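Here the structure comes first, spelled out in structure tokens, and everything after it is commentary.
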Amino acid sequence: MKITDVEAIILKQPQIELIGDGTQDTVVVKVYTDEGIVGYGEVDSSPYVVKAIIDAPASHMVCMGLKEAIIGEDPLDTERLWNKMYHMSYYYGRRGVAIHAVSGVDMALWDIKGKMLGLPVYKLIGGAFRDKVKAYCSILMPDDEGEVREIIDKYTEQGFRAFKFGWGALGKSLRDDVRLVGAARKHLGDDKDLMVDIGMVWGDAKTAIQRCEALSEFSPYWVEEPLWPDDLDGYRRLCISTDIKIAAGEEVGTLYEFKELIEGCGIDVVQPDMSRCGGLTIARKLTDINPNIPIIPHNFKSGILMAASLQFIAAMKNAEYLEFCCQETAISKNLVLVGFKVDKDGYVDIPQKPGLGIELNEEFILNYLWENK
Ligand code: MG
């Protein structure tokens, strides 16, 4: 089998709001083969920059777009093609958006491999530790305690038994953090997990240590991204100073960066994003860095990333939670034909169809094409 084309399709809703919600646009990656199998991927980054990285013609041997790097190759050679993309983009790449783009292509290659073999992707990366996973409702933190309670009621009704409030109104002051997280805990009661995502705005290690101390009475299941991802020394100091689990990793790509966070900083929960970290090819190696660390993927995009996250979770021993993006944008809800739902106990089934196990809603794609806006 040979790769015949790679397409990066940018989708966006009519108006973009400048809030911490990455589901307002996306880039879908399609990898075509000479046997008619098409693989799907997605990237959570700037769709416009990702498209440029995929489409760029070669400037020289190690400064090339990803499409040109893999055309004519066998899509089943996932490990080798990851390395080829990494090396042929290294002049402008190695980290950041180049690795984000590699992740989307890698996701599509795994989809092709599963479809060709007639197996779900999790069977190809180690097999199943679980056939369903507990989901947590992931949503922006509103500024008002009443809204916090409304969100909890609405999504508890749908089956969720765990909640993560993130970004939005969090991190602005000690008082607001205590007020909002306290309201969430009070309304949830003691039997539901509550995660808190600070969105990197606590600023420095001492502030983070103080705020963790203040939030500890609400028993957060973890505190996520309290600090800027480059503040590795801050993470190191925080992790040895608090008993609250510190989660991070959604900004990180390649094993080099994960090693720094896991071994160097001692974080407690690692959150690779299948559409940013280097893809399934990288994420599945995180257990080699630390076999015991919980791996809970970052998943805040459309049903494509959700499908990739579920395949990954199925095959990882320590992946016991699914981040379920509850931002109700058109792209988060409608890009795949059959979406994902929690059951009455708060679990989501792992898809069992070949590849990622999804079909795209092509009519929706046509309606949300960026170039038509
Ligand atoms: Mg986060």
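First listed ligand is number 1; within each ligand, the first listed atom is number 1. Quantities reported herein were computed from a predicted structural model and do not represent experimental measurements.
Ion pair Lys30/Glu362 flagged as a salt bridge, since at least one NZ, NE, NH1 or NH2 atom sits closer than 4.0 Å to an Asp/Glu carboxylate oxygen. The existence of a salt bridge linking Asp34 and Lys2 is excluded, since no basic side-chain nitrogen approaches an acidic carboxylate oxygen closer than 4.0 Å.
A ring-centre distance under 6.0 Å is not found for Tyr155 and Phe163.
Any protein N/O/S atom under 2.8 Å from the Mg ion (ligand 1) was counted, giving 3 altogether.
For residues 117-129, the pairs satisfying side-chain hydrogen bond (donor to acceptor under 3.5 Å, both in side chains) are Tyr122-Gln352, with sequence neighbours left out. Sorted by first and then second residue, the ring-ring contact (aromatic ring centres under 6.0 Å, His included) pairs involving residues 258-306 (not counting sequence neighbours) form an empty list.
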Please tabulate, one pair per line, all N/O donor-acceptor pairs under 3.5 Å involving side-chain atoms of residues 192-202, not counting sequence neighbours.
| from | atom 1 | to | atom 2 | distance (Å) |
| --- | --- | --- | --- | --- |
| Asp193 | OD2 | Tyr321 | OH | 2.6 |
| Asp197 | OD1 | Gly199 | N | 3.0 |
| Asp197 | OD2 | Trp167 | NE1 | 3.3 |
| Trp202 | NE1 | Asp177 | OD2 | 2.9 |

